[in-house]
S.K.: 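Below you will find the structure I want to go over with you.
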Amino acid sequence: MAALIEMQDVQKRFGKQEVLHKVDLVLEAGSITGLLGPSGSGKTTIVNLIVGSITKTAGTISVLGQAAPPQSARKDMGFMPQSEALYNDLTANENLRFFGALYGMNRKQMDSAIPKALSQVHLSDEGKKVVSSFSGGMKRRLSLAIALIHEPRLLVLDEPTVGLDPKHRVELWKSFYALAGNGAGLLITTHVMDEALGCDQLVMIHDGRVIAQGTPPELIALADTSSLEEAFLRFEEQADKSAGGGEQDA
């Protein structure tokens with residue numbers, strides 16, 4: 001089966017500033033791949049390239065079998081951005097209906113999908129409430145419900161649990177595991193180590209470069225450390241030493 005996402009030697013520049021350097025990434029169906037790195041490392045740039053909101057400078061990107069931006073494949077993709085794209089003067093249900101229509105869903109499909117999506121994010125009792133009355137955490141959960149409503153084969157989630165309390169973080173990750181178990185592929189950006197440990201594959205990002213890839217246990221073993229956080233710091237240190245050694249790329 002073809003990968004849902006494939007990136008090879010992807011570079012991105014804004015003017016003269018290179019923000020991504022020769023990034024490789026593969027996401028298979030039925031798995032969760034985590035992009036792990038601090039703020040400013042390039043995670044959101046990778047996400048924006050995949051969903052087509054920006055274009056690459058060099059390299060190749062395939063999403064659901066199409067070259068990015070994947071115009072006709074977007075109905076098979078759910079995207080949760082870091083900043084909520086919600087209509088605050090509408091109810092949760094109305095927001096879901098609006099975005100469901102954009103995904104090509106009809107009224108009958110939305111009538112069954114909306115309660116299911118709200119249940120998945122623990123907002124079943126909030127559908128008739130205006131979004132302006134929601135807390136930040138509730139808005140994050142509604143954004144996830146919008147990404148889930150059309151049951152996409154691919155989910156791209158940028159820091160999906162930011163602002164959530166521990167209980168809702170745990171519940172959302174249970175939903176992620178269930179989605180992957182049903183065959184969906186999930187790409188999740190995070191800087192939270194316990195979330196990273198729950199991923200099937202990790203891509204560690206530092207200063208726009210991939211510094212390590214593998215399963216969490218593989219990366220801990222490769223770095224010869226006792227924790228994933230120590231492993232990241234070890235790979236980060238190695239990358240900084242290589243960069244400081246005068247290595248030049250054409």
Side-chain angles (χ1 to χ4, degrees), residues 3-27 33-74 77-85 143 147 154-163 185-193 195-196 199 201-214 219 222-223 228-250:
L4 300 181
I5 298 174
E6 287 188 87
M7 302 179 72
Q8 294 184 324
D9 290 333
V10 172
Q11 294 176 270
K12 177 61 183 176
R13 295 188 185 92
F14 292 104
K16 294 182 178 180
Q17 182 184 10
E18 184 179 58
V19 295
L20 289 181
H21 181 78
K22 294 185 176 180
V23 169
D24 293 334
L25 184 153
V26 175
L27 172 64
T33 292
L35 291 179
L36 177 65
S39 297
S41 60
K43 304 189 302 297
T44 296
T45 300
I46 291 173
V47 164
N48 288 336
L49 287 169
I50 289 168
V51 301
S53 58
I54 59 174
T55 57
K56 60 184 170 57
T57 301
T60 61
I61 305 174
S62 172
V63 180
L64 295 166
Q66 298 183 18
Q71 298 293 340
S72 63
R74 284 181 174 167
M77 183 193 319
F79 174 45
M80 180 179 175
Q82 209 172 91
S83 300
E84 289 84 11
S143 293
L154 170 62
L155 274 162
V156 180
L157 310 174
D158 196 3
E159 303 277 6
T161 62
V162 167
L186 288 80
L187 181 70
I188 298 176
T189 73
T190 185
H191 58 267
V192 180
M193 291 298 165
E195 292 187 355
C199 296
Q201 294 285 325
L202 277 180
V203 180
M204 293 182 169
I205 307 290
H206 172 63
D207 284 345
R209 298 171 184 258
V210 175
I211 57 175
Q213 292 194 56
L219 293 171
L222 183 61
L228 192 60
E229 185 170 20
E230 291 174 314
F232 183 89
L233 293 173
R234 178 72 54 84
F235 291 125
E236 187 178 52
E237 181 182 11
Q238 292 171 353
D240 285 339
K241 285 181 178 178
S242 295
E247 181 181 331
Q248 297 292 323
D249 293 290

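Owing to the predicted nature of the structure, the values given are computational and were not obtained by experimental measurement.
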S.K.: Closest approach of Val192 and Thr190, non-hydrogen atoms and distance?
M.R.: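 Taking Val192 first and Thr190 second, the nearest heavy atoms are N-OG1, 2.9 Å.
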S.K.: Go through the steps for Val26 and Ile5 under the test side chain to side chain contact (heavy atoms under 4.5 Å, CB included), then give the verdict.
M.R.: CA-CA 6 Å; Val26 175; Ile5 298 174; over 6 Å; no
S.K.: Give a yes or no answer on whether the side chain of Arg234 reaches the backbone of Ala223 with a donor-acceptor pair at less than 3.5 Å.
M.R.: yes
S.K.: Determine whether the side chains of Gln201 and Thr33 contain a donor N or O and an acceptor N or O closer than 3.5 Å.
M.R.: no
S.K.: Search all heavy atoms of Ala231 against all heavy atoms of Leu219 and return the closest pair with its distance.
M.R.: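 Heavy-atom minimum between the residues: CB-O, 3.9 Å.
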S.K.: By side chain to side chain donor-acceptor pair (under 3.5 Å), which residues pair with Thr45, not counting sequence neighbours?
M.R.: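 In terms of side chain to side chain donor-acceptor pair (under 3.5 Å), with neighbours along the sequence ignored, Thr45 is linked to no residue.
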S.K.: To the nearest 0.5 Å, how far apart are CD1 in Ile54 and NZ in Lys12?
M.R.: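 That separation rounds to 5.0 Å.
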S.K.: Please check: side-chain N/O of Asn48 versus main-chain N/O of Ser53, any donor-acceptor pairing under 3.5 Å?
M.R.: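 Flag not set: sc Asn48 to bb Ser53 has no pair under 3.5 Å.
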S.K.: Going by side chain to side chain contact (heavy atoms under 4.5 Å, CB included), name the residues that satisfy it together with His191, two or more places apart in sequence or in a different chain.
M.R.: Glu159
S.K.: Find out whether Pro160 and Ile188 are in side-chain contact, i.e. whether some heavy atom of one side chain is under 4.5 Å from a heavy atom of the other.
M.R.: yes
S.K.: Answer yes or no: is there an ion pair linking Lys241 with Glu237, defined by an N-O contact shorter than 4.0 Å?
M.R.: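 Between Glu237 and Lys241 there is a salt bridge, with a charged N closer than 4.0 Å to a carboxylate O.
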S.K.: Determine the minimum heavy-atom distance between Ser39 and Lys43, stating which atoms define it.
M.R.: N-NZ, 4.1 Å
S.K.: Looking at Ile46, Leu25, Thr189, Leu36, which hits side-chain contact (heavy atoms from CB on, under 4.5 Å) with Ile205?
M.R.: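 Per the side-chain contact (heavy atoms from CB on, under 4.5 Å) rule, the option paired with Ile205 is Ile46, out of Ile46, Leu25, Thr189, Leu36.
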S.K.: A quick test of your reading: do over 12 heavy atoms of other residues, nucleotides or ligands sit less than 6.0 Å from CD of Gln213?
M.R.: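 More than 12 within 6.0 Å, yes.
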S.K.: Under the side chain to side chain contact (heavy atoms under 4.5 Å, CB included) criterion, do Leu187 and Ile50 qualify, and how do the steps go?
M.R.: CA-CA 10 Å; Leu187 181 70; Ile50 289 168; 3.4 Å; yes
S.K.: What distance do Gln66 atom CD and Met77 atom CE have between them, rounded to the nearest 0.5 Å?
M.R.: 8.5 Å
S.K.: Can a donor-acceptor pair be found between the side chains of Asp240 and His206 at a distance below 3.5 Å?
M.R.: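 Result is yes, a qualifying pair exists.
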S.K.: Any chance the side chains of Glu195 and Thr161 put a donor and an acceptor closer than 3.5 Å?
M.R.: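 Thr161 and Glu195 do have a side-chain donor-acceptor pair below 3.5 Å.
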